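Quick notes on the structure that follows.
Just so it is clear, the model here is predicted, and its values are computed rather than measured.
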Amino acid sequence: MSEKPAALNFIEHLIEEDLTNGLSKKDLRFRFPPEPNGYLHIGHTKAIGISFGLGEKYQAPVNLRFDDTNPAKEEQKYVDAIKEDIAWMGYQWDKEVYSSDYFQTLYNWAISFIKKGLAYIDSQSSEQIRLQKGSPTQLGINSPYRTRSVEENLALFTKMKNGEFKEGAHVLRAKIDMEDPNMLMRDPIMYRILKKAHHRTGNDWCIYPMYDWTHGESDYIEQISHSLCSLEFKPHRKLYNWFRDEVYSENYIQLPLAPKQREFARLNLSYTVMSKRKLLQLVDKKIVSGWDDPRMPTISGLRRRGYTPNAIKKFIEAVGVAKRENLIDVSLLEFCIREDLNQTAPRVMVVLNPIKLTIINYPEGKEEFLKADNNPEDESAGCRDIPFSKELYIERADFEEVAKSNFFRLTLGNEVRLKNAYIIKAESIIKDSEGVLKEVRCSYDADSLSGTGSEASLRKVKGTLHWVSVSHAIKTEVRSYDRLFTDAAPDSHKEKTFMDFVNPNSLTVSQAFAEPSLALAKIGNSFQFQRLGYFNVDKDSTGEALVFNKTVGLRDSWIKKKLANNNELTSQKATISPLNEVMRFGKKYTKFSIEKQQETKHRIQELAKSISYEELTPFFGTALKKVGTRIVTMIALGVLIKNNQEITPEIRVFVRKALEDKNELLVTEASKVNS
RNA sequence: UGACCCAUGGUGUAACUGGCAACACAUCUGGUUUUGGUCCAGAAGAGUCUAGGUUCGAGCCCUAGUGGGUCAACCA
């Protein structure tokens, strides 16, 4: 077996390295630490997938830790929602823990910091403290309270804890370095007074630890080996380590493992926004119906939309883990859900925008039940009977009176097959007084029934249409969704806000007709509406009326062709400057065939017309061995000289060196320029 | 006028210890098909931001530049 080493991401590389350096595999432990102040979204699924995925890969426990150090923002309902979402994703956490579980320990450790002279009570206003902090380019200055005695600090801190001060009167600060280039090291606040009830600790505490003083220490208490978070926490690492090392030095006997923080780039998805704050705005401004609106990138929204845990996991896996800023195309997410649902979703027929179709030679009042496969991808799914009759609905878009030859659907005088039924031929149409098409009348070939094996049934026709019988159809509501924003990166514009790009047509509601088997559908069930896409039953459904959400459309090469015809082909290539293009050729010029070199040379000469001498001069110094670059530079130079560029000493040197070169191509070009 | 991080096809990620830049999506052909779906076969597309250096050899190591990002909440 030729085992190729698995492609690891940088975090896995680090873990492997730690393992070879003596870390025991059984000491591996991870955590996912959401703040219970909102709902989880697709961005979180990346963090969840990384930590829980690592847990699965290394058979290591993963804690679910609620980072609940700010009672002003956090609520039990978010805890519940987060647990539901993670469980739905199919992940199992080892321990459910809370930062608030560690309030007492953290408090004790803070006291020991004070005793060691590593922390002090600052009694200035937040405004004063902010001013003294300086800026990224300007050093901070020490607080006048920085030199308070240990005794005084201890007394004050005790009083703070006992609720003897108002909010904002004092804070506990770590004594580090007000001149550190990293702002977070400039005496960060460890505790503030907050007279708010906490959703778990109630009124036990009126001082609450800050993130930096809580997170790393919680990792340490839980003996997390690798603490993974997103890139914006990179600057926190220095402080994370500072706190950790101080605490470790006193506790390493009971708690021998010192956790490491590592950071990865967060996920950005095209045509949506990801921050809780922005999502909240969409909810508040009623642009969506709520956090679980199927257009929302929240886990609850995705779930309601019909996304499956499998598809989301696949997606996260495909996206990968790195430190680069990224913008992932939604088409990848769509691919993942199609791939999943294609295997599992039963096929049914539903007509979204109906037009009536009457079969003129089909007996009045007759009905028959025709066999249909439930899922061609899965034989075990079996088949079902669908009622057929004289009057049917077909999709309005499936009929055109006259059409181009690339229209494979029904046109006057032509044949198509009705899926699982007969071949029909459109004979005439009926329009209302305003000229709007009301009905298509056609004839059917009674011998052409699907699956009979008759000669007529085996006839090839261009298209196959889905349909439902008028008298048997059940009426349903179908909600189709388009992207929420009209811009791929709605929050990346300086002049405009993401709200300026809200797509006004992101929701389309249709009154559709479904085949009767769908009467049995339950909330959450997914189906493929044949030729249309994947749909699931929304929770708004009632006993009388079903409501469907469109999860995603089928891949549609027909609509693509139509679009392509309309707006020519939009070039995928970004335009690059003439100089850059020339230099790109330089890298491969010598590897080209003679013909390709000729072709390239013409292109370079064309491009050179818009290159200035100043742009070209830096390349006269190109390393001797980079022959290709020198050749293309020479070609371009030739054009400049032809266009009356004065011969400078630099040019002379460049050409002379080229003439002495081993490479014949270069010599040839140089001698042309030389003459 | 700082510190830190990042830069590989259109997008995202790989490439172990330097050794023919790979995979997925997207795109385009062709075939199969009672879904313009699926499936199958194939194509095109980058020479790794720029310049210099080390090396027999650099996407990978070093230096400088350029571009992008992050950092000044008693938020997390």
Side-chain angles (χ1 to χ4, degrees), chain A residues 4-5 7-9 13 16 33-35 37 67 69-70 72-74 122 125-126 129-131 133-140 167-168 170-171 180-184 186 189 191-194 208 210-212 214-215 231-238 263 265 270 317-329 331-332 334-336 338-339 342-343 347 349 376-377 406 408-409 417-421 423 450-451 457-458 460-466 528-533 553-561 569 571-574 580 583-584 587-588 591 618-619 621-623:
Chain A
K4 243 188 168 173
L8 304 180
N9 64 46
H13 277 295
E16 291 296 331
E35 182 188 12
N37 70 341
D67 220 339
T69 57
N70 185 1
K73 289 187 174 174
E74 297 147 7
D122 198 331
S125 69
S126 61
I129 292 176
R130 189 177 61 79
L131 258 24
K133 231 174 195 170
S135 74
T137 56
Q138 192 187 339
L139 301 181
E167 283 190 13
H170 307 277
V171 290
D180 197 293
N182 183 331
M183 297 287 293
L184 288 154
R186 323 246 257 228
I189 292 168
Y191 276 94
R192 79 287 210 185
I193 301 170
L194 241 34
Y208 290 91
M210 299 285 290
Y211 166 83
D212 287 296
T214 308
H215 200 95
L231 229 38
E232 64 270 29
F233 288 96
K234 176 73 225 287
H236 293 251
R237 187 149 116 198
K238 194 173 180 186
E263 312 81 13
S270 65
E317 214 167 285
V319 156
V321 182
K323 295 207 219 179
R324 245 194 300 183
E325 291 285 317
N326 58 71
L327 180 62
I328 286 133
D329 203 310
S331 65
L332 182 59
E334 291 174 347
F335 166 78
C336 292
R338 280 194 199 108
E339 194 186 33
N342 179 47
Q343 298 304 318
R347 321 281 128 135
M349 292 201 285
E377 304 295 317
N406 68 351
F408 299 168
R409 287 113 100 135
R417 173 172 292 283
L418 293 175
K419 179 82 182 167
N420 300 312
I423 291 174
S450 294
S457 78
L458 296 174
K460 297 281 176 204
V461 287
K462 262 197 310 190
T464 302
L465 309 186
H466 61 280
Q528 187 196 92
F529 291 2
Q530 281 180 113
R531 303 209 304 135
L532 297 176
L554 257 26
R555 224 169 137 258
D556 190 347
S557 45
W558 161 240
I559 199 147
K560 268 185 215 155
K561 276 203 180 95
L569 11 138
S571 169
Q572 279 195 339
K573 269 238 156 86
N580 281 341
M583 290 311 154
R584 274 193 190 187
K587 297 210 166 127
K588 34 192 168 177
K591 295 178 205 158
F619 293 93
T622 301

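- The residue A:Val461 sits apart from the nucleic acid: no heavy atom pair falls under 4.0 Å.
- If you check every strand for non-hydrogen atoms under 4.0 Å, A:Gln528 touches a base.
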Expected string for nucleotides 66-76 of chain B under the B/S/- scheme (protein heavy atoms, under 4.0 Å, primed atoms plus P, OP1, OP2 as sugar-phosphate) is ---SSSBSBBB
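- When the side-chain nitrogen and oxygen atoms of A:His13 are compared with OP1 and OP2 of B:A15, one or more of them lie within a distance under 4.0 Å.
- Here the P atom of nucleotide B:G36 and the CH2 atom of A:Trp558 are 11 Å apart, to the nearest Å.
- Protein atom CZ of A:Arg347 is 13 Å distant from nucleotide atom C1' of B:U33, rounded to whole Å.
- The phosphate of B:G37 has OP1 or OP2 within less than 4.0 Å of a side-chain N or O from A:Ser557.
- Shown here, B:U27 forms a base pair with B:A43; the pair counts as Watson-Crick or G-U wobble because both key distances fall under 3.5 Å.
- For the atom pair CD (A:Glu35) and OH (A:Tyr211), the distance works out to 11.0 Å, reported to the nearest 0.5 Å.
- A:Arg531 contributes no side-chain N or O that, together with a main-chain N or O of A:Leu554, makes up a donor-acceptor pair within less than 3.5 Å.
- Within the structure, a side-chain polar atom (N or O) of A:Arg555 is placed less than 4.0 Å from OP1 or OP2 of B:U38.
- Atom CG in A:Asp180 sits roughly 11 Å away from atom P in B:C4 (whole-Å rounding).
- A distance of about 27 Å separates the C1' atoms of B:A22 and B:C62, rounded to the whole Å.
- Atom NE2 of A:His466 is separated from atom P of B:U33 by 22 Å (rounded to the nearest Å).
- Between A:Val171 and A:Met210 the shortest side-chain heavy-atom distance does not fall below 4.5 Å.
- Between A:Trp558 and A:Phe408, the ring-plane angle classifies as parallel under the 30° and 60° cut-offs.
- For A:Ala318 and A:Lys460, each mapped to the nucleotide of RNA chain B holding its nearest heavy atom, the one lying further toward the 5' end belongs to A:Ala318.
- Shown here for A:Glu74 and A:Asp67, the closest heavy-atom pair between the two residues is OE2-O, 3.4 Å.
- In this structure B:G53 sits in the anti conformation; its chi angle is more than 90° from 0.
- Close to B:C6, at under 4.0 Å from its OP1 or OP2, lies a side-chain N or O of A:Lys323.
- When the C1' atom is used for both B:U66 and B:C49, the distance is 7 Å, rounded to whole Å.
- Among the atoms of the strands shown, none is found under 4.0 Å from any heavy atom of A:Gly463.
- Here the P atom of nucleotide B:G36 and the CZ atom of A:Phe408 are 9 Å apart, to the nearest Å.
- Between the P atom of B:U35 and the CG atom of A:Leu554 lies a distance of 11 Å, rounded to the nearest Å.
- Taking atom CD of residue A:Gln138 and atom P of nucleotide B:A3, one finds them 16 Å apart after rounding to whole Å.
- At a cut-off of 3.5 angstrom, counting only N and O atoms as typed in the model, there is no donor on one side facing an acceptor on the other between the side-chain of A:Glu317 and the base of B:G12.
- Among the heavy atoms of the strands lying under 4.0 Å from A:Leu327 are primed sugar atoms or P, OP1, OP2 only; no base atom is included.
- Atom CZ of A:Phe335 and atom P of B:C25 are 4 Å apart (whole Å).
- The same atom, P, is picked in B:C25 and in B:A43; the two are 16 Å apart, to the nearest Å.
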